[in-house]
Number of protein chains: 2
Amino acid sequence: MVRTRTRDEILVVAAELFTHHGFKGTSLQDIAAGVGCSKATLLYHFESKEAILTELVAPAAQELADLVAYLTTLEAAAAQEAAIEGFVDLVLRYRREAALIYDGTPQFLDQPMFAGLRPLTDTLCAAFAGRSTDRAACVAAEVLLGGIAGVAIDKAIEAGDDELRRALVDVAKRALITPHPKD
Amino acid sequence: MVRTRTRDEILVVAAELFTHHGFKGTSLQDIAAGVGCSKATLLYHFESKEAILTELVAPAAQELADLVAYLTTLEAAAAQEAAIEGFVDLVLRYRREAALIYDGTPQFLDQPMFAGLRPLTDTLCAAFAGRSTDRAACVAAEVLLGGIAGVAIDKAIEAGDDELRRALVDVAKRALITPHPKD
DNA sequence: GTCTATAACGAGATAGAC
DNA sequence: GTCTATCTCGTTATAGAC
């Protein structure tokens, strides 16, 4: 896995195109045109189209794993808050990668390509729910988890947007942290 | 547009396959195999692959349009509640169709196929936000709108699930309806 | 390391027999 | 109304020259 200029540029262009048109919707032709090289050059640097995607997603997956590992060291309430803030932060920093992983099919996490990601999101979702097994709490956690990811993916804002960050954290806390349930 | 037995079966099989593997991930071959006919038969009944999808989505799109039209007759607070309950109901009844429309790309609503859907979801989102133009309120509305749709799409529950329905409505109201904002 | 050329395949769609 | 056969195109991937 040697790093070269072309190789890096392929990753940049592929990220851009995958983000906008999806993995299936982007061909090697498209990537090659964006880079200004041939398809053969792409496949000289990467074993396959999937290999490009896997490498793009790797750092985000690693950070997600780190976050989840950290959450397991906390008790429920602290883990809930840390999960919310950590996930919002993560998904804002890795918008593109999040969009790549979520390709629109329900079983997107069950593809062999992303094996190992599902247990991470499950643990994260449990943390969002404050480790409660109550159905409503779990549903709420799923709604917020998916909703936050979706909004972050949609936003084409480039640099860190603190206002968006705060809005996402706030809505999640409002929806999930219920100090005095009504009845 | 004459109704026949084969035609209806094509729609059923296509809905099933599109839901599980996405539109791009399903070929005419796959549909033909499921129906037990040839690709040519598919294209005798439908002008194109897209035409199948368009017809599958049509009733859901119509109901969404009806809901949005109804919302415009209400003032902000009533529209907000009606939007939440109406959307949850709609998306639970049309899980499959929702999954078809949302193909995973950010611009899925901007495809020519679904032209006219975007203004509807924009109005719906505004209703979710209580017609507020505050950034945080808009972000929260987007999170809940997308999150609810995502959860409903993921759930493979068949018949009406009142518990899920209540959970979705509740989390949305908790997150969006803020009678006394903190400061 | 990059290219052109092409293989090998699958896609959507069409033609025409039955 | 359904079929087989075929067309055309785009896809991923490979071969081999430079």
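Bear in mind that the values here come from a model prediction, so they are computed numbers and not experimental data.
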- A:D8 side chain to A:R5 main-chain N or O, any donor-acceptor pair under 3.5 Å?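 Looks like no, no N/O pair under 3.5 Å.
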- Message: Would you compute the distance between atom CZ of A:R174 and atom CG of B:L144 and round it to the nearest 0.5 angstrom?
- Response: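 A:R174 atom CZ to B:L144 atom CG measures 8.5 Å (nearest 0.5 Å).
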- CZ on B:F87 to CG on B:L92, rounded to 0.5 Å: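 Separation between the atoms: 9.5 Å.
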- Any side-chain N or O of B:T4 under 4.0 Å from OP1/OP2 of D:dG1?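 Answer no for this pair, as no side-chain N or O of B:T4 is under 4.0 Å from OP1 or OP2.
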- Message: Any side-chain N or O of A:Y44 below 4.0 angstrom from OP1/OP2 of C:dG1?
- Response: yes
Nucleotide [N], atom [atom2] - distance to [atom1] of [X] in whole Å:
{"X": "B:I31", "N": "C:dA11", "atom1": "CD1", "atom2": "C1'", "result": "12 Å"}
{"X": "B:H45", "N": "D:dG1", "atom1": "NE2", "atom2": "C1'", "result": "6 Å"}
{"X": "A:L42", "N": "C:dG1", "atom1": "CG", "atom2": "P", "result": "15 Å"}
{"X": "B:L17", "N": "C:dG12", "atom1": "CG", "atom2": "C1'", "result": "16 Å"}
{"X": "A:R5", "N": "C:dT2", "atom1": "CZ", "atom2": "C1'", "result": "14 Å"}

- Nucleotide by nucleotide, 5' to 3', does protein get under 4.0 Å of the base (B), only the sugar-phosphate (S), or neither (-) in nucleotides 4-18 of chain D, counting heavy atoms? B------SBBBB---
- Query: Pick from B:T19, B:V12, B:L11: which one makes a side chain to side chain contact (heavy atoms under 4.5 Å, CB included) with B:L56?
  - Reply: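 It is B:L11, the one option of B:T19, B:V12, B:L11 that forms the side chain to side chain contact (heavy atoms under 4.5 Å, CB included) with B:L56.
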- Exceeds 12 heavy-atom contacts within 6.0 angstrom, atom CD of A:E75: yes
- Which pairs with one or both residues in residues 56-69 of chain A pass side chain to side chain donor-acceptor pair (under 3.5 Å), sequence neighbours excluded? A:Q62-A:D66, A:E63-A:R93, A:E63-A:Y94
